[in-house]
Each structure stands twice: as C-alpha cells, then as structure tokens.
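The basis for the numbers below is simple: all heavy atoms, side chains too, and nothing from hydrogens, waters or symmetry mates. The shown structure was predicted, so the numbers you read here are calculated from the model rather than taken from an experiment. Below, chain A is the first sequence line, B the second, and so on; all start at residue 1.
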There are 2 protein chains.
Amino acid sequence: MAVAARRKFRREGEERRRQDLIEATLDCVAEHGLQGATVRAIALRAGVTAGLIRHYFPGKEELLQAAYVTVMERMTELAKTALATVEHEPGRRLAAFVAANLAPPVVDTGTFSIWASFIGRAGSDPALGIAHRAGYLGFRDEVETLVADALASSGRHASPAELRRLAIAVNAVIDGLWLEGCLAGDMFETGELAEIGIGSVEAMLGLRLRGEREVA
Amino acid sequence: MAVAARRKFRREGEERRRQDLIEATLDCVAEHGLQGATVRAIALRAGVTAGLIRHYFPGKEELLQAAYVTVMERMTELAKTALATVEHEPGRRLAAFVAANLAPPVVDTGTFSIWASFIGRAGSDPALGIAHRAGYLGFRDEVETLVADALASSGRHASPAELRRLAIAVNAVIDGLWLEGCLAGDMFETGELAEIGIGSVEAMLGLRLRGEREVA
DNA sequence: CAAATATTTATACACTTGCATAACAACGCT
DNA sequence: AGCGTTGTTATGCAAGTGTATAAATATTTG
C-alpha cells in the first residue's frame with residue numbers, strides 16, 4: 001500500500017523567501033486584484049505550500065502591506081535611477097525625469113493594477129494610507145526640487161508658494177499621463193506620452209527644457 | 001412553542017430595487033473595496049436578504065458591472081451638468097469644466113475608492129475594461145471639443161494632431177489633480193486645485209480663460 | 001373577497017478562505 | 001555519521017463565499 005510521498009523541498013534563505021512571497025503576491029494582485037491574492041494562490045505561485053506564509057509573516061494582512069511598500073519603493077527607485085544616469089543640466093534632468101515616468105517600465109499595466117488595487121483601500125485602511133502618503137510626498141518633493149533647479153538655471157526664481165503650485169501641477173500632468181498610458185497604452189505612439197508631458201511642463205513653466213535639435 | 005416569525009417585507013418596484021442594490025453595492029465597495037462587496041453585506045445594507053440579489057441580477061458579477069456603469073455615468077453626468085449651467089463664452093466654459101471636476105462632489109474619497117477598486121480590475125476583466133474605455137473616451141472627446149472652441153474663439157486654430165495632444169494633456173492635468181484631491185484633499189485649500197488646474201490649462205493653451213477680475 | 005402571481009425570505013449546499021497544529025525532513029553542527 | 005534545529009509540508013477546522021431551491025407573503029387581478 002503506497003503511502004502518499006511527501007513533497008521534496010529546499011530551504012531557501014530567509015530574505016530570499018520573503019522576497020519570493022512578496023513577488024508572488026504582487027503577481028497575484030496584478031492579475032486578479034486583491035481578490036486574487038489568496039494565501040493559496042500566492043503560495044502556489046511562490047512554489048511553496050500555504051502554511052509557509054505564516055512562518056514569515058504574522059498574517060496575510062502583513063504580507064500585503066509588505067508587498068505594497070515594495071511596490072512604492074520600486075517605483076520611486078525607478079524614477080531616481082532615471083535621474084542618476086542623466087546629465088547635470090537642470091532642464092534636461094527635469095525632462096528626463098518626466099520622460100522616464102511616462103515610458104516602460106514605469107508605465108505598465110501590471111504595476112498599475114497593483115497600484116489601483118492597493119490605493120483603493122488606502123482610504124479605509126490606515127496602514128496602507130500612511131504608506132501611500134509617504135511615497136506620494138517623496139515623489140512630489142522630488143518634482144519640486146527639479147522644477148526649482150530648472151527655473152533657477154534659467155535665471156528665474158519663484159516664490160515658495162508659486163513653486164508649490166508648479167510642483168503640484170507638474171506632478172499632476174505626470175500622474176495623469178501615466179494613468180492614461182497604463183490604461184490605454186495602445187492608443188499612443190511610442191514616446192508620444194513623454195513628448196506631450198515634456199511639452200506641457202515647458203508650457204507651464206515657460207521654459208524650454210530641451211536643446212532645439214532634440215524635439216525629434 | 002413559538003415558531004420563528006418570518007420577516008416582514010415590502011415589495012418595491014423593480015427599478016427601485018435594482019437601484020437600491022446598486023447603491024448598496026457602491027457603498028460597500030467605497031468602504032472596503034471589492035472584498036467588502038459580498039452578497040450578504042450588500043443585501044444587509046440594502047435592507048433585504050441575500051437571495052434577492054439573484055432575483056434581479058444573474059449573479060454577483062453582473063451586479064458589480066451594473067454598479068460600475070452607474071458610477072461612470074454619474075461622473076460624466078456631473079461634469080456635463082457643470083457645463084449646462086454656465087455661460088456660453090468658450091473660455092469660461094472650459095474653465096468651469098475644469099473647476100467642476102476639481103471640487104466636490106466629483107472630488108470625493110468614496111467615489112475615488114470605488115473608481116480605484118474597479119479600474120484595478122479593468123485590465124484583466126474584459127467587461128469592465130470595455131466599460132471603462134467607453135467612459136474615458138467620452139470624457140476626452142468632451143475636453144477636446146471644449147479646447148477647440150476656446151482656441152477658436154480667441155482666433156487660433158490648431159491642427160487635428162495638435163488638438164489631440166492638447167486634449168490629452170488637459171485631460172491628464174484634470175485626472176492628476178483629481179487624484180491628488182481625492183487622496184489628500186486635506187493638503188489643499190478650498191479651490192486651490194481648481195485654481196491650479198485652470199492656471200495650468202491656460203499655460204498649456206497659451207490663453208486666458210477667465211476675465212481679468214475673476215482670478216480672485 | 002378569493003385566487004393567482006411573482007417578490008421576498010429562509011435554508012441548505014458545495015466550495016473557498018485564513019489560520020492553527022502536528023508531523024516531517026533538510027541542513028548545520030559536532 | 002548522528003543529532004538537534006527549524007524551515008516546510010500536510011491536514012484539519014471554523015467562518016465566510018456565491019448560488020440553488022422551496023416555502024411564505026405582499027400585491028394584483030378577477
């Protein structure tokens with residue numbers, strides 16, 4: 001009488017397993033929203049059994065929060081990477097920042113689905129709400145700095161109040177175009193969103209951010 | 001031996017019940033996301049028992065779709081109402097449209113929560129995706145018309161391609177500011193978002209939309 | 001006022017959910 | 001090699017899920 005064979009397994013490092021579980025969670029959320037992120041679905045995708053989740057996280061709730069934090073870190077990290085690799089002229093830096101946020105991998109249906117799923121609950125779930133606001137303000141501060149530098153390098157200086165308004169507006173354009181790109185990417189040519197974004201920011205600031213020959 | 005008394009009830013009209021169920025669904029989604037929208041929670045909020053849902057809808061899925069359609073109809077309807085009540089000068093119409101979309105009741109945490117919850121699944125659920133795209137394009141067409149009129153009334157004419165770009169950009173600013181307002185409304189003064197939105201649109205179009213004395 | 005109709009309730013069912021627990025086996029240590 | 005530690009699996013459970021069905025009652029009809 002053959003007894004059911006117990007499944008073989010390997011012991012992965014703690015950090016590695018945690019990361020795998022978070023990744024699997026994000027995949028589930030991206031595909032079917034928070035509803036699709038059941039402990040069993042997550043475990044299946046991570047290649048483990050459901051019980052293991054509770055060995056690394058107090059409960060499903062904490063795993064979801066960790067996943068959300070990871071997403072936001074990843075998004076801001078992508079934006080900063082775009083800044084690090086680009087030249088020092090402030091106008092070009094701002095343009096590069098805008099462009100980077102309006103093209104893959106930032107513009108991505110999976111990422112958007114995750115973002116929307118989590119943010120929908122940020123209003124009712126305090127932990128998620130706090131995590132969101134921190135990420136949002138960080139992003140806006142980054143925008144404000146870039147805008148201030150771009151203005152200063154062209155000899156203009158704005159009052160703090162005006163700077164704030166401009167940062168909010170620039171941030172909004174980026175967010176709005178990002179949204180449209182994620183939701184209906186097929187409606188735009190490659191680079192079109194970035195083009196529109198940079199053009200809009202130029203108009204709002206009254207500056208040219210790019211050299212004359214780069215408009216393509 | 002007292003037999004459990006059967007609950008009293010009233011027969012509401014068909015359309016009324018359907019609307020009540022949809023309303024209850026939206027309340028549930030607004031509070032706890034799609035996860036909170038269980039048939040029992042919905043029924044409880046609508047003041048009926050769970051079984052009744054299946055008398056008015058083939059299944060829960062169809063109720064959710066109907067609820068989503070209702071939300072989008074309501075949002076676009078609000079925007080159009082703002083247009084109907086305002087004067088005929090094209091610039092002012094555009095300004096009023098922008099302002100209406102950046103203040104309550106369009107800017108509202110509950111509405112946003114619903115929107116985010118549904119749109120997160122618009123990528124994977126074809127029915128929701130179609131419903132979304134239709135609503136989105138309708139909104140953008142509206143923007144494009146308003147922009148075209150505003151430009152024309154000030155003697156400028158844009159090519160179709162340029163008009164398209166401007167409409168996308170204006171749409172993005174509205175979306176982005178709406179998002180910020182819904183997520184962190186307490187960070188903005190009353191009317192500040194509308195002010196920023198109109199200012200940004202003016203800059204992008206190179207027009208003044210308001211009379212000189214209305215800037216407040 | 002009685003009968004017919006169909007809205008609404010009540011109950012049951014199969015399934016999924018997150019979580020608890022105990023058995024097990026992979027790995028590090030000596 | 002043997003042993004202990006603990007990462008991992010397997011199993012079970014109570015609560016909650018959507019749905020199916022029958023019974024009951026509010027309302028309409030004759």
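If you measure from atom CG of B/L52 to atom P of C/dT9, you get 6 Å, rounded to the nearest angstrom. Spacing between atom CZ of A/R7 and atom P of D/dT11 amounts to 13 Å, rounded to whole angstrom units. In this entry the distance linking CG of B/L34 with C1' of D/dT17 reads 15 Å, nearest Å. Straight-line distance from the CG atom of A/D20 to the P atom of D/dG7: 16 Å, rounded to whole Å. Note: NZ (B/K8) to P (D/dT25) measures 7 Å, nearest angstrom. In this structure, CG of B/L63 is placed 10 Å from P of D/dT19, rounded to the nearest angstrom. Following rounding to the nearest Å, B/H32 (NE2) and D/dT17 (C1') show an atom-to-atom distance of 17 Å.
Using a 4.0 Å cutoff on non-hydrogen atoms, the parts of residues 9-18 of chain A near DNA chain D are A/F9, A/R10, A/R11, A/E12, A/R17, ordered by number.
Note on ring orientation: taking the six-membered ring where Trp is involved, the planes of B/W178 and B/W115 are perpendicular (angle over 60°, cut-offs 30° and 60°). Aromatic ring pairs are classed by plane angle as parallel below 30°, tilted from 30° to 60° and perpendicular above 60°; the pair A/Y68 and A/F118 is tilted.
Listed by chain and residue number, nothing satisfies the side chain to side chain contact (heavy atoms under 4.5 Å, CB included) test with A/D141 (two or more places apart in sequence, or in another chain). Legend: residues meeting side chain to side chain contact (heavy atoms under 4.5 Å, CB included) with A/E31, ordered by chain and number and at least two apart, are A/R45. When the salt bridge (Lys or Arg N to Asp or Glu O under 4.0 Å) test is applied to A/D20, the partners found at least two apart in sequence or on another chain are A/R16.
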Please tabulate the protein-to-nucleotide N/O contacts below 3.5 Å involving nucleotides 28-30 of chain C, giving atom names and distances.
none

List every contact pair, protein side and nucleotides 15-18 of chain C side both N or O, where the distance is under 3.5 Å.
from: C/dG18; atom 1: OP1; to: A/K60; atom 2: NZ; distance (Å): 2.6
from: C/dG18; atom 1: OP2; to: A/V39; atom 2: N; distance (Å): 2.8
from: C/dG18; atom 1: N7; to: A/R40; atom 2: NH1; distance (Å): 2.8
from: C/dG18; atom 1: O6; to: A/R40; atom 2: NH2; distance (Å): 2.8

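A salt bridge between A/R140 and A/D175 is absent, with no side-chain N of the basic residue lying under 4.0 Å from a carboxylate O of the acidic one. Between B/R18 and B/E23 there is no salt bridge, since none of the side-chain N atoms of the basic residue sits less than 4.0 Å from a carboxylate O of the acidic one. Taking a cutoff of 4.0 Å between a charged side-chain nitrogen and a carboxylate oxygen, A/K60 and A/E62 do not qualify as a salt bridge.
Contact between the side-chain N/O atoms of B/H55 and the OP1/OP2 oxygens of C/dT8 is not found at any separation under 4.0 Å. OP1 and OP2 of C/dT7 both lie 4.0 Å or more from every side-chain N or O belonging to B/Y56.
B/A37 and B/V29 make their closest contact through CB-CG2, 3.8 Å (heavy atoms, listed as atom of the first residue, atom of the second, distance).
Remark: the B/E180 side chain and the A/Y136 side chain contain an N/O donor-acceptor pair separated by less than 3.5 Å.
Below the 3.5 angstrom threshold, one finds a donor paired with an acceptor across the side chain of B/R6 and the base of C/dT9.
Atoms CG and CD1, on A/L64 and A/I42 in that order, are 6.0 Å from each other to the nearest 0.5 Å.
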